[in-house]
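The block underneath contains the structure these notes are about, expressed in structure tokens.
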2 protein chains.
Amino acid sequence: MARQAGVSAATVSRVLNDSPLVVEPTRARVRAAVDELGYRLNATARTLSLGRATAVGVVVPFFTTHSVIERLRGVVARLSGGGQRAYDLLLYDVEAPEQRADAMRDLADRNRVAGLLIVSLPIFDDEIDALQRDDLPAVLLDVSHPRLPGVVVDNVRGGELAAEHLLAKGHSHIGFVGDHPTNEYGFTSSEDRRRGFSSALDRAGIRLDPSMERYGVPDRDEADVLTRSLLQQPAPPTAIFAASDLQAIGVLRACEALGARVPDDVAVIGFDDVDLAEIVGLTTIHQPLRESGELAADLLVAAIEHGVHDPVQEVQELTVVERRTT
Amino acid sequence: MARQAGVSAATVSRVLNDSPLVVEPTRARVRAAVDELGYRLNATARTLSLGRATAVGVVVPFFTTHSVIERLRGVVARLSGGGQRAYDLLLYDVEAPEQRADAMRDLADRNRVAGLLIVSLPIFDDEIDALQRDDLPAVLLDVSHPRLPGVVVDNVRGGELAAEHLLAKGHSHIGFVGDHPTNEYGFTSSEDRRRGFSSALDRAGIRLDPSMERYGVPDRDEADVLTRSLLQQPAPPTAIFAASDLQAIGVLRACEALGARVPDDVAVIGFDDVDLAEIVGLTTIHQPLRESGELAADLLVAAIEHGVHDPVQEVQELTVVERRTT
DNA sequence: CTGAAAGCGCTTACAG
DNA sequence: CTGAAAGCGCTTACAG
């Protein structure tokens with residue numbers, strides 16, 4: 001014990017917590033002893049005593065997409081910033097829907113965590129009830145719910161942007177490759193993007209024909225086979241909107257395999273603007289991934305430190321980045 | 001308190017910890033009460049009481065490379081496996097060298113963590129002393145030290161493999177693009193790869209001329225400008241070995257910009273085999289990234305649960321994956 | 001087999 | 001301004 005400084009544990013605690021109650025001479029004495037012994041507070045005991053944790057939980061489907069990682073980078077940048085109010089970051093990977101509920105219960109009930117950041121995973125009302133019962137602040141990233149603060153993007157609008165871009169390029173026979181509308185994680189962004197896409201087409205007097213749509217699991221290989229079937233029809237599309245960059249890469253690969261030149265025979269536009277997009281020269285809808293993580297982390301810290309008054313939804317800007325595939 | 005089950009806290013604790021000392025009827029009664037109340041042990045209190053944490057700390061330079069993320073995926077897959085021996089995962093991002101020391105001191109001293117997994121970051125003797133003083137198991141991933149278990153790859157051998165591949169393709173005028181030998185993180189793999197590369201060339205009677213080497217920070221843009229200067233010399237190389245796939249992408253971009261055809265005018269080989277490599281068709285040295293994370297996580301769990309007897313170094317296999325750039 | 005009690009390392013009214 | 005004491009929610013000898 002650092003009371004080799006000739007003071008009580010209470011005083012050490014006060015000094016280390018910057019209590020104003022300690023007079024300078026003793027304060028100095030304690031600091032000296034602390035430095036000499038390399039003493040540090042035990043965070044576990046502190047958490048228990050204080051009744052609040054110094055860590056935040058980040059619940060995230062770690063394996064699904066590049067974009068999730070990029071968001072996480074923003075979160076990490078903000079949270080382990082070495083600065084004053086650094087929170088420990090407890091990472092909870094969610095591989096399957098059931099795990100999400102488990103993770104949240106674990107984190108909430110056990111008071112391990114001062115707040116929860118939930119990335120890309122839909123949340124249910126009873127789960128929110130549980131969080132509020134435990135007084136656990138939470139913020140959503142890439143999903144939204146009226147009762148919780150969140151940072152999102154207008155995916156429907158993003159779909160419109162994609163349609164407008166393709167329309168402006170003169171296309172009228174257009175295809176779509178995206179996620180199954182119902183999928184095990186409950187992701188909805190692909191479907192939202194398709195809706196916006198489809199309705200913008202409608203407004204231009206063009207119908208997104210069912211024969212021009214393909215759905216599957218959101219990975220490259222699946223997008224590849226989906227695209228082949230799209231392209232091998234009697235009247236193949238001259239442009240394809242993929243619900244994510246990863247899927248767009250699959251589309252590109254199928255085009256290459258079938259000898260369709262991009263963008264001359266078929267134009268391709270993706271969504272997300274992950275680093276891959278720039279590397280392959282993919283035209284895409286850019287969303288601020290890294291920034292979304294930073295913003296969400298800031299919101300969470302604010303919620304932890306000041307409470308949440310009314311749950312803001314931060315809607316981030318979308319832009320089209322034109323590269324070589326359209 | 002769940003002693004609504006009519007028993008003491010001690011008994012509840014025993015039941016929840018599967019102590020054999022509790023007779024079946026009471027056990028059942030406690031379980032029923034636990035289920036009904038949705039009661040869960042408070043991990044913080046448990047940690048404090050037991051004197052050992054249920055989390056492991058993962059110290060990782062989160063922003064540096066794709067390969068780090070891929071390794072992390074392996075770690076996550078193993079650790080948050082939902083199974084019995086699931087450890088919480090405390091993520092410590094290290095942005096700068098000083099932070100590494102901070103992170104380790106934080107984690108170790110405060111007893112937050114049952115073990116440490118250190119990814120891609122060199123560690124010093126005095127830091128190891130500190131770990132051992134605290135009895136904190138640690139395993140290294142993508143770095144090695146004689147006193148600690150680790151999983152690595154033979155980077156020198158990898159460089160040789162790259163050289164042998166290029167040699168077999170008939171090249172004799174060969175360039176290298178890699179990291180500065182001394183860099184702030186203390187990464188050494190680029191330099192190790194270059195050494196192996198250079199000595200395999202030597203053995204073939206070919207000298208890696210200083211005018212054929214370029215060094216910089218390990219990112220795409222830097223590799224791009226480095227490559228331009230390499231290619232704009234009187235006698236440009238006909239093949240280039242890049243110390244990582246990311247750098248190889250920069251090399252490819254420079255080739256494109258300068259109108260050099262790949263692989264006809266210049267062949268390019270990378271290192272790592274991240275997903276990017278497959279997407280752009282890059283020939284590269286494959287290392288089992290995901291698996292390395294899984295293995296390291298397993299080693300750490302073993303070290304935590306059974307102690308470490310002698311520090312094994314797991315050396316993983318390297319292979320060349322030939323694609324379209326050589 | 002079960003309970004009362006002490007202890008894990010902090011924090012914070014409460015006295016002084 | 002500082003210390004003694006209680007309490008945070010567990011676990012585990014120690015009795016019984």
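All of these numbers come straight from a predicted model, not from anything done at the bench. Proteins get letters first, then strands, A, B, ... in listed order; numbering begins at 1 in each.
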L50(A) near the nucleic acid: base, sugar-phosphate alone, or nothing, with a heavy-atom cut-off under 4.0 Å? sugar-phosphate
C1' gap between dG16(C) and dT12(C), integer Å: 16 Å
Is it true that R112(B) and T54(A) share a donor-acceptor pair across their side chains at a distance under 3.5 Å? yes
Between L79(A) and V301(A), is any pair of side-chain heavy atoms under 4.5 Å apart? yes
CD (E36(B)) with more than 12 external heavy atoms under 6.0 Å: no
Rounded to whole angstrom, note down the P distance from dC1(C) over to dA5(C). 23 Å
Counting side-chain heavy atoms from CB outward, which of dA4(C), dT12(C), dT11(C) is closest to R14(A)? dT12(C)
So, do P61(A) and L121(A) sit near enough that their side-chain heavy atoms are less than 4.5 Å apart? yes
Any stem touching DNA chain D, meaning at least three consecutive Watson-Crick or G-U pairs under 3.5 Å, ordered by first number, would be C:1-3 with D:14-16, C:5-12 with D:5-12, C:14-16 with D:1-3
Among the nucleotides dC10(D), dG9(C), dT2(D), which one has an atom lying closest to any side-chain atom of L41(B)? dC10(D)
So which one's nearest nucleotide on DNA chain C is more toward 5', L21(B) or S49(B)? L21(B)
Side chain proximity check, F62(A) to L72(B), heavy atoms < 4.5 angstrom: yes
Residue pair D35(B), R29(B): steps toward the salt bridge (Lys or Arg N to Asp or Glu O under 4.0 Å) verdict: CA-CA 10 Å; D35(B) 284 348; R29(B) 205 142 41 85; over 6 Å; no
Given dC10(C), dT11(D), dT12(D), the nucleotide with the shortest approach to the side chain of Y39(A): dC10(C)
Does dC10(C) have OP1 or OP2 under 4.0 Å away from a side-chain N or O of S13(A)? no
For V152(A) and S144(A), the nearest pair of non-hydrogen atoms, with its separation, is CG1-CB, 3.9 Å
Figure out the CG/P separation between D18(B) and dT11(D), and round it to whole Å. 11 Å
Picking from dT11(D), dG9(C), dT12(D), the nucleotide nearest the side-chain atoms of L48(B) would be dG9(C)
Is the side chain of E305(B) donor-acceptor paired with the backbone N or O of A302(B) at a distance under 3.5 Å, no angle test? no
Quickly work out the R46(B) CZ to dC8(D) P distance and round it to whole Å. 20 Å
To the nearest angstrom, how far is L16(A) atom CG from dT12(C) atom C1'? 15 Å
Determine whether the side chains of H66(B) and D275(A) contain a donor N or O and an acceptor N or O closer than 3.5 Å. yes
Out of dA5(D), dG3(C), dC10(D), which nucleotide sits closest to the side chain of N42(B)? dC10(D)
Give me the residues of residues 22-32 of chain B where at least one heavy atom lies under 4.0 Å from an atom of DNA chain C, by number, or none. V22(B), V23(B), T26(B)
